Student: 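I'd like to ask you about the structure that follows.
Bear in mind that the values here come from a model prediction, so they are computed numbers and not experimental data.
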Amino acid sequence: MPLAASLLMLGQGLAVAVYATAQFLLVTYSSHRWTLVWRRWRRERSARRATGPAAGGVAREAVTSRFVAGRAPSRGAAAPPVATVQLPVYNERRVVERLIDAVAAFDYRRDRLEIQVLDDSTDETRALAAAAVARHRARGVDIVHVVRDERHGFKAGALAAGLARARGDVIAVFDADFAPPPDFLIRAIAHFADPDVGLVQARWTHLNRDESLLTTAQAVQLDAHFLIEHEERMRAGCFFNFNGTAGVWRREAIESAGGWQHDTLTEDLDLSYRAQLAGWRFVFDGTLEAPAELPAEVEALKAQQRRWTKGSIQTARKLLPAVWRSARPFGVKLEATLHLTGNASYPLLLVLGLLLLPVLLGQNRLPFAVVVALQIAVVLLGIVPVTWFLAAGQRGAGGSLARRARDVGAAVVLGLGLAVNNSRAVVEGLAGGLGEWERTAKRGTHAGAAAPAPYAAATRRSGRSEIALALYFCGLGGFALAAGEARAVPFVALLALGLAWVGWASFRASEKRAG
């Protein structure tokens, strides 16, 4: 056999081996989604059997409300704990007043409530925050405006600096884009009657869910994260995380776990695992809702995703050894590993897409069953579990069947479209180094508002990588059809559609900014 032909066969064999390995890993992560949804389905089925078909809806509510907080204490009840509410802000001029006004309206005993506006801003946010703080102090609210000389440690540094001067036994944290309801704090604190509870995490709801298909797709992803992931991990005794906002900590849990640290970009995920390793139990209360604003521009979303993705890999590198040294059951350790490294699915998706061409070209040298399995398994074992997981989240959130199908489809496509952005973040997280803590731009408006100025992080090159790959995958889909390999088209088409959506939106934003 000529040397060139031998090298070609060797290259194709290597591509197939890498493709199969990537597919196996991706199926492993997808199976994690199957497990979460299976737990949810099994639990709801048990509840229906216990109560009868007529009470199915009531049974689901009873099951999901197992940890619902009590109402405000009655007259004569013991005084609630002293609570400190921390509001870390950085250049949030569009939303800072809304946040401060919402928290200052908490229905909580005035003498037991302290509010800290932890302001690292370098723009007019500082003056707006100072004026809002002065306005509420004038009516008797214990609220302070804390300004640091330098932004050391980013958000974690601000929270640690505030904690050092806080007087609260429980510590609530809200990001700038949230507008919690008046009864939020009193409902959350009722969970701390259990001395083992270190954190109560609320469910995020969405102020601008219907503003665009982009915000709707994000809402679907977050609904599944809270209603399926958090709920089922909590009930199974697995690790789950504080989401950085809309949560209330027991101060002792923060301090016993080593406090806020800023050696990762996800200080919330880092502290969550350290606190649970220290023995604290976390509660997710799906009935306790905190409205928030979703990123309305794709560049803002990409910045948020980069931080979350890179930070999760940094946290995995930092804490997985401690997780595996702990006395937790093997299944809990494995689930924690999949949780912390789950963003590795993004580069795996790109590997599968990029190596599909050599796999197709070399298929005449492979058993037919292998070729079919490699092509079909990507969709059936990779995309279908994620789709089912998102659909289960929307079932819990409500809405018509037709609307849910459209929204879940948009969420799947958006997730694929973020593959390039998040793959880079995974590589950076593995490479070491902290990196910059990117803030997520907020608009401070609801659906129907005028479009904001182009996102500041957009550059002239924004979106070009996604567009180039989308064109490649379109060509690959055409080649697969011409070669009679229609089985490969669904995956390639979805990947091309997602990359084209994200890439074009990024490119338009960069052109507007350049103009």
Student: Answer yes if the side chains of R187 and T287 hold a donor-acceptor pair under 3.5 Å, and no otherwise.
Tutor: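 Checked: R187/T287 side chains pair up, N/O donor to acceptor below 3.5 Å.
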Student: Within the 3.5 Å criterion, strictly below it, is a donor on N422 or Q305 matched to an acceptor on the partner's side chain?
Tutor: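 Per modelled atom types, N422 and Q305 side chains form a pair under 3.5 Å.
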Student: Ignoring hydrogens, what is the shortest heavy-atom contact between L499 and A470? Give both atom names and the distance.
Tutor: CB-CB, 4.0 Å
Student: Can a cation-pi geometry be assigned to R203 and F226, taking NZ or CZ under 6.0 Å from the six-membered ring centre and within 45° of the ring axis?
Tutor: no
Student: I want to check something: taking the side chain as every heavy atom from C-beta on, are W260 and I254 in contact at a cut-off of under 4.5 Å?
Tutor: yes
Student: Test side chain to side chain contact (heavy atoms under 4.5 Å, CB included) on L494 and V413 and set out the steps.
Tutor: CA-CA 6 Å; L494 286 172; V413 172; 4.1 Å; yes
Student: Should K302 and E438 count as an ion pair when the cut-off is N to O under 4.0 Å?
Tutor: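 Looking at K302 and E438, the cut-off is not met.
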Student: Show the nearest heavy-atom pair for residues F242 and S272, with the distance to one decimal.
Tutor: N-OG, 2.8 Å
Student: Mark yes or no for whether E293, through its side chain, and N208, through its backbone, hold a donor-acceptor pair below 3.5 Å.
Tutor: no
Student: So, the side chain of R148 versus the backbone of H152: is there a donor-acceptor pair under 3.5 Å, distance only?
Tutor: yes
Student: Are I100 and L87 side-chain neighbours, meaning at least one heavy-atom pair lies under 4.5 Å?
Tutor: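 They are in side-chain contact.
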Student: Tell me the closest heavy-atom pair linking F174 and P88, and the distance in Å.
Tutor: O-CD, 3.4 Å
Student: Would you call R439 and E92 a salt bridge, using N to O less than 4.0 angstrom?
Tutor: yes
Student: Does R328 reach the side chain of F239, with side-chain heavy atoms less than 4.5 Å apart?
Tutor: yes
Student: When you measure from the side chain of R274 to the backbone of G259, do you find a donor-acceptor pair of N or O atoms at a distance under 3.5 Å?
Tutor: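 Here the side-chain-to-backbone pair exists.
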Student: Given side chains that start at C-beta, do those of P81 and F192 come closer than 4.5 Å, heavy atoms only?
Tutor: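 Side chain of P81 against side chain of F192, heavy atoms only: no contact under 4.5 Å found.
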Student: With rounding to the nearest 0.5 angstrom, report the CD to NE2 distance, E231 to H225.
Tutor: 12.5 Å
Student: Is there a side-chain contact between L269 and T264, using heavy atoms and a 4.5 Å cut-off?
Tutor: no
Student: To the nearest 0.5 Å, what is the distance between CD1 (I143) and CD1 (I115)?
Tutor: 4.5 Å
Student: Just checking W504: does its CH2 atom have more than 12 heavy atoms from other residues, nucleotides or ligands closer to it than 6.0 angstrom?
Tutor: no
Student: Within the 3.5 Å criterion, strictly below it, is a donor on E114 or T84 matched to an acceptor on the partner's side chain?
Tutor: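 Checked: E114/T84 side chains pair up, N/O donor to acceptor below 3.5 Å.
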Student: Are H136 and R139 linked by a side-chain donor-acceptor pair shorter than 3.5 Å?
Tutor: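 Note: H136 and R139 side chains meet the donor-acceptor criterion.
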Student: What distance do L118 atom CG and Y90 atom OH have between them, rounded to the nearest 0.5 Å?
Tutor: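 So the CG of L118 and the OH of Y90 are separated by 15.0 Å.
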Student: For D270 and H262, run side-chain hydrogen bond (donor to acceptor under 3.5 Å, both in side chains): C-alpha distance rounded to whole Å, both residues' side-chain angles, the deciding distance at 0.1 Å, then the answer.
Tutor: CA-CA 9 Å; D270 172 31; H262 51 82; over 6 Å; no
Student: Can we say D101 and R135 salt-bridge, meaning some charged N sits less than 4.0 Å from an Asp/Glu carboxylate O?
Tutor: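 R135 and D101: salt-bridged.
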Student: Identify whether the distance between the nearest side-chain nitrogen and carboxylate oxygen of K155 and D120 falls below 4.0 Å.
Tutor: no
Student: Does a donor on one side chain sit under 3.5 Å from an acceptor on the other, for Y29 and T341?
Tutor: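 The criterion, which ignores hydrogens and geometry beyond distance, is satisfied for T341 and Y29.
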Student: Is there a side-chain contact between E229 and F389, using heavy atoms and a 4.5 Å cut-off?
Tutor: yes
Student: Please determine if E428 and R424 form a salt bridge, counting it only when a charged side-chain N lies under 4.0 Å from a carboxylate O.
Tutor: no
Student: Please step through side chain to side chain contact (heavy atoms under 4.5 Å, CB included) for the pair V146 and D119, ending with a clear verdict.
Tutor: CA-CA 6 Å; V146 181; D119 190 358; over 6 Å; no
Student: Between N343 and W308, does a side chain to side chain contact (heavy atoms under 4.5 Å, CB included) hold up when you go through it step by step?
Tutor: CA-CA 9 Å; N343 285 307; W308 289 355; 5.9 Å; no
Student: Just by distance, with hydrogens left out, do N91 and T122 show a side-chain donor and acceptor under 3.5 Å apart?
Tutor: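 Side chains of N91 and T122: pair found under 3.5 Å.
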Student: Find out whether the Lys NZ or Arg CZ of R235 is both under 6.0 angstrom from the six-membered ring centre of F284 and within 45° of the ring's axis.
Tutor: no
Student: Out of curiosity, Q116 CD to Q86 CD, how far, rounded to the nearest 0.5 Å?
Tutor: 5.0 Å
Student: Is there a side chain to side chain contact (heavy atoms under 4.5 Å, CB included) between R281 and Q276 once you walk through the steps?
Tutor: CA-CA 6 Å; R281 186 171 72 83; Q276 288 169 102; over 6 Å; no
Student: Could you tell me whether R395 and D223 have a side-chain N and a carboxylate O separated by less than 4.0 Å?
Tutor: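 Salt bridge absent between R395 and D223.
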Student: Which distance, rounded to the nearest 0.5 Å, do you find between the CZ of R137 and the CG of D142?
Tutor: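 Atom-to-atom, R137:CZ and D142:CG are 6.5 Å apart.
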Student: Is it true that D263 and K318 have a side-chain N and a carboxylate O under 4.0 angstrom from each other?
Tutor: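 A salt bridge is present here (some side-chain N lies under 4.0 Å from a carboxylate O).
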Student: Working to the nearest 0.5 angstrom, can you tell me the gap between L340 CG and Y273 OH?
Tutor: 4.0 Å
Student: Do R33's NZ or CZ and the ring of W388 fall within the cation-pi criteria of under 6.0 Å and 45°?
Tutor: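 So R33 doesn't make the cation-pi contact.
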Student: Indicate yes or no: at least one non-hydrogen side-chain atom of H206 is less than 4.5 angstrom from one of T216.
Tutor: no
Student: Do Q304 and L294 have side chains that approach each other closer than 4.5 Å (heavy atoms only, starting at C-beta)?
Tutor: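 Sidechains of L294 and Q304: no contact.
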Student: Decide whether S312 and T266 meet the rule of one side-chain donor and one side-chain acceptor closer than 3.5 Å.
Tutor: no
Student: Applying salt bridge (Lys or Arg N to Asp or Glu O under 4.0 Å), run through R39 and E232 and close with a yes or a no.
Tutor: CA-CA 7 Å; R39 289 175 184 163; E232 298 312 317; over 6 Å; no
Student: Take atom CZ in R508; do more than 12 heavy atoms of anything else shown fall under 6.0 Å from it?
Tutor: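 No, the 6.0 Å shell around CZ holds no more than 12 heavy atoms from other groups.
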Student: Is it true that, when you exclude R151 itself, more than 12 heavy atoms of the residues, nucleotides or ligands shown sit nearer than 6.0 Å to its CZ?
Tutor: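 Counting other residues, nucleotides and ligands, CZ of R151 exceeds 12 neighbours.
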Student: Examine the side chains of H32 and E335 and answer whether a donor and an acceptor come within less than 3.5 Å of each other.
Tutor: yes
Student: Will you find, in the side chains of S256 and W280, an N or O donor that is under 3.5 Å from an N or O acceptor?
Tutor: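 Indeed, the side chains of S256 and W280 share at least one donor-acceptor pair under 3.5 Å.
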